[in-house]
Amino acid sequence: MDEKEFDQLNIIPLVDVMLVVLAIVLTTSTFIAKGVIPVDLPRASHNHEELQKSVLLELDRQGGIYLDGKAASLSTLAQRLGGFDRKMAVLIRSDRELQLQSFIDVLDLVKGMGFTKVSVQTDKAERR
């Protein structure tokens with residue numbers, strides 16, 4: 001039996017595998033960079049420093065409330081915030097398209113529970 005020698009190497013399957021791996025990496029890096037909950041932040045003219053230890057409250061465009069990445073309603077938010085120290089900072093990330101009343105309801109709840117270090121995260125506005 002004579003064995004055939006390889007005249008050339010077929011790299012098309014290797015290219016297919018590499019393209020699939022590239023697609024997976026690009027897809028997962030988008031989630032890592034933006035976070036899980038899509039929030040289009042309002043703009044402000046001044047930068048504000050990030051708080052180091054804080055409770056993260058996120059409000060999405062549809063009015064969904066998330067406490068540290070977990071969904072909550074106004075009633076359950078009060079219960080879950082009860083376990084935190086009132087001296088901890090609360091960072092609110094609210095979508096700019098959210099109705100103002102929904103934002104005020106959450107802010108009123110947080111302030112009414114005795115949290116004094118409450119801040120709202122914004123993006124820096126471009127100068128015109």
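Excluded from the calculations below are hydrogen atoms, water molecules and symmetry mates; all remaining heavy atoms, backbone and side chain alike, are included.
- Under the 4.0 Å criterion applied to side-chain N and carboxylate O atoms, Arg93 and Glu58 are assigned as salt-bridge partners.
- Among residues two or more places apart in sequence or in another chain, the side-chain contact (heavy atoms from CB on, under 4.5 Å) test is passed with Gln99 by Ser102.
- For Ile104, the CD1 atom counts as densely surrounded, since its 6.0 Å shell holds more than 12 non-hydrogen atoms of other residues, nucleotides or ligands.
- Residues forming a side-chain contact (heavy atoms from CB on, under 4.5 Å) with Ser75 (at least two apart in sequence, or on another chain): Ser73.
- Applying the side-chain hydrogen bond (donor to acceptor under 3.5 Å, both in side chains) rule to pairs touching residues 78-90 yields nothing, sequence neighbours excluded.
- Residues satisfying the side-chain contact (heavy atoms from CB on, under 4.5 Å) criterion with Met18, sequence neighbours excluded, are Leu14.
- Residue Leu19 is not grouped with residue Ile24 when hydrophobic side chains (ILVMFWY) are merged at heavy-atom distances under 4.5 angstrom, including chains of intermediate members.
- With side-chain heavy atoms closer than 4.5 Å counting as contact, directly or through intermediates, Ile12 stands alone and belongs to no larger hydrophobic cluster.
- Residues Val55 and Leu91 fail the side-chain proximity criterion, which asks for heavy atoms closer than 4.5 Å.
- For Asp108, the side-chain contact (heavy atoms from CB on, under 4.5 Å) test picks out no residue, with sequence neighbours left out.
- Between Asp95 atom CG and Leu59 atom CG the span is 9.0 Å, to the nearest 0.5 Å.
- Using a 4.5 Å cut-off on side-chain heavy atoms (C-beta onward), Leu98 and Asp60 make no contact.
- Side-chain contact check for Tyr66 versus Leu57: every heavy-atom pair is 4.5 Å or farther apart.
- Within the 4.5 Å cutoff, side-chain heavy atoms of Leu77 are placed close to those of Leu67.
- The closest side-chain heavy-atom distance from Val90 to Phe84 is not below 4.5 Å.
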